[in-house]
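This chain uses plain numbering: 1 for the first residue, then up along the sequence.
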Amino acid sequence: MKILVLNGPNLNLLGEREPNIYGDNSLSSINEALAKKAAEMGFETAFFQSNGEGAIIDVLHDARRDCAGVILNAGAYTHYSYAIRDAIAAIKIPVIEVHLSNVDSREEFRKTSVIAPVCKGSISGFGKFSYDLALIALAKLLRGE
């Protein structure tokens with residue numbers, strides 16, 4: 001089974017961008033570690049990052065054909081992209097929402113997720129380990145545990 005790990009705007013700058021909030025790990029180092037963990041659990045992974053809403057939607061649409069589930073850090077799109085919300089609802093495969101920081105302890109606008117209602121669950125505040133927790137949750141969902 002293949003899992004898509006999809007990252008939105010500005011996540012390509014991880015390790016450089018506000019390390020006091022997002023940590024000092026690069027996106028590539030997070031992806032490499034997650035790919036290793038997924039392989040140990042018997043999953044194939046695909047990774048995609050885009051700063052563009054349309055590209056994220058296109059990748060979500062394509063995922064319905066060959067992925068069992070998605071780990072999604074939509075970045076700022078989390079808070080206002082009804083288009084990404086609708087794409088998640090349309091694909092009928094489980095999506096786990098992920099955030100590195102604890103969005104509930106930050107600015108008021110970050111406390112609202114328009115995508116959460118169509119995701120299987122949300123994980124935030126554990127830094128790079130948020131992705132690990134999402135992988136474990138998705139694996140359990142996919143295996144019916």
Side-chain angles (χ1 to χ4, degrees), residues 1-53 55-81 83-85 87-89 91-107 109-145:
M1 284 190 278
K2 185 174 10 175
I3 294 173
L4 171 65
V5 182
L6 179 55
N7 286 282
N10 300 309
L11 291 160
N12 56 306
L13 298 179
L14 285 178
E16 301 173 40
R17 176 185 176 224
E18 300 176 276
N20 57 317
I21 295 172
Y22 300 108
D24 58 2
N25 295 285
S26 68
L27 183 59
S28 62
S29 70
I30 291 170
N31 288 347
E32 288 170 19
L34 196 62
K36 182 178 177 184
K37 286 179 178 72
E40 290 169 359
M41 297 169 70
F43 292 99
E44 180 185 348
T45 47
F47 297 91
F48 186 80
Q49 185 278 326
S50 179
N51 294 317
E53 185 178 33
I56 292 168
I57 292 166
D58 289 342
V59 170
L60 283 167
H61 288 176
D62 291 344
R64 77 186 196 286
R65 294 188 187 113
D66 67 347
C67 293
V70 179
I71 296 170
L72 172 62
N73 185 339
Y77 288 132
T78 298
H79 315 295
Y80 67 89
S81 179
I84 291 175
R85 181 200 188 283
I88 295 166
I91 62 174
K92 307 283 190 241
I93 59 175
V95 176
I96 306 290
E97 176 186 11
V98 166
H99 299 283
L100 294 160
S101 68
N102 180 352
V103 292
D104 291 318
S105 70
R106 297 186 59 201
E107 302 92 341
F109 76 90
R110 293 189 196 276
K111 296 177 183 180
T112 299
S113 171
V114 300
I115 67 171
V118 293
C119 290
K120 286 293 183 188
S122 300
I123 299 170
S124 71
F126 296 98
K128 67 181 181 177
F129 300 112
S130 291
Y131 289 89
D132 296 343
L133 294 169
L135 176 63
I136 292 165
L138 191 54
K140 289 189 173 287
L141 281 171
L142 294 173
R143 292 179 175 144
E145 296 176 17

For the atom pair CG (D24) and CG (L14), what is the distance rounded to the nearest 0.5 Å? 10.5 Å

Side-chain heavy-atom pair S113, E97 within 4.5 angstrom cut-off: yes

Can a donor-acceptor pair be found, under 3.5 Å and without considering hydrogens, that links the side chain of N51 to the backbone of N10? yes

Residues I93 and A63: closest non-hydrogen pair is CD1-O, 3.8 Å

How close do K120 and P94 get, counting heavy atoms only, and between which atoms? CG-CB, 3.6 Å

Contact summary for S122 and A116, nearest pair of heavy atoms: OG-CB, 3.9 Å

If every non-hydrogen atom of S130 is compared with every non-hydrogen atom of F126, which pair is closest and at what distance? OG-N, 3.1 Å

Does Y77 use its side chain to pair, donor to acceptor, with the backbone of E53 at less than 3.5 Å? yes

One should read off an interatomic distance between E32 CD and K37 NZ, to the nearest 0.5 angstrom, of 11.5 Å

Spacing of T45 atom OG1 and L4 atom CG [to the nearest 0.5 Å]: 9.5 Å

Going by the rule side chain to side chain donor-acceptor pair (under 3.5 Å), which residues pair with N25 if we only count those two or more places apart in sequence or in a different chain? none

Measure across S29 and S26 and return the closest heavy-atom pair with its distance rounded to 0.1 Å. OG-O, 2.9 Å

Is any side-chain heavy atom of C119 closer than 4.5 Å to a side-chain heavy atom of I88? yes

Any side-chain to backbone donor/acceptor pair from R65 onto D62? Under 3.5 Å, distance only. no

Nearest heavy-atom pair of G75 and H99: which atoms, and what distance? O-CE1, 4.4 Å

Result of checking N12, V59, I56 against Q49 for side chain to side chain contact (heavy atoms under 4.5 Å, CB included): N12

With distance as the sole criterion, is a donor-acceptor pair present between the side chains of Y131 and N73 under 3.5 Å? yes

Find out whether I3 and L135 are in side-chain contact, i.e. whether some heavy atom of one side chain is under 4.5 Å from a heavy atom of the other. yes

I30 side, atom CD1; L100 side, atom CG - distance, nearest 0.5 Å: 5.5 Å

Could you walk me through whether I84 and I57 pass the side chain to side chain contact (heavy atoms under 4.5 Å, CB included) test, one step at a time? CA-CA 6 Å; I84 291 175; I57 292 166; 3.9 Å; yes

For side chain to side chain contact (heavy atoms under 4.5 Å, CB included), just list the numbers for I71 and L138, CA-CA rounded to whole Å, side-chain angles, deciding distance to a tenth of an Å, and then say yes or no. CA-CA 8 Å; I71 296 170; L138 191 54; 4.0 Å; yes

Side chains of L34 and V5 in contact at under 4.5 Å (non-hydrogen atoms): yes

Roughly how far, to the nearest 0.5 Å, is the CD1 atom of I91 from the NE2 atom of H61? 8.0 Å

How long is the gap from NZ on K140 to CG on L142, to the nearest 0.5 Å? 12.0 Å

Check whether any side-chain N or O of S81 sits under 3.5 Å from a backbone N or O of T78 as a donor-acceptor pair, and report yes or no. no

Distance-only, no hydrogens or angles: does the T112 side chain make a donor-acceptor pair with backbone N or O of H79 under 3.5 Å? no

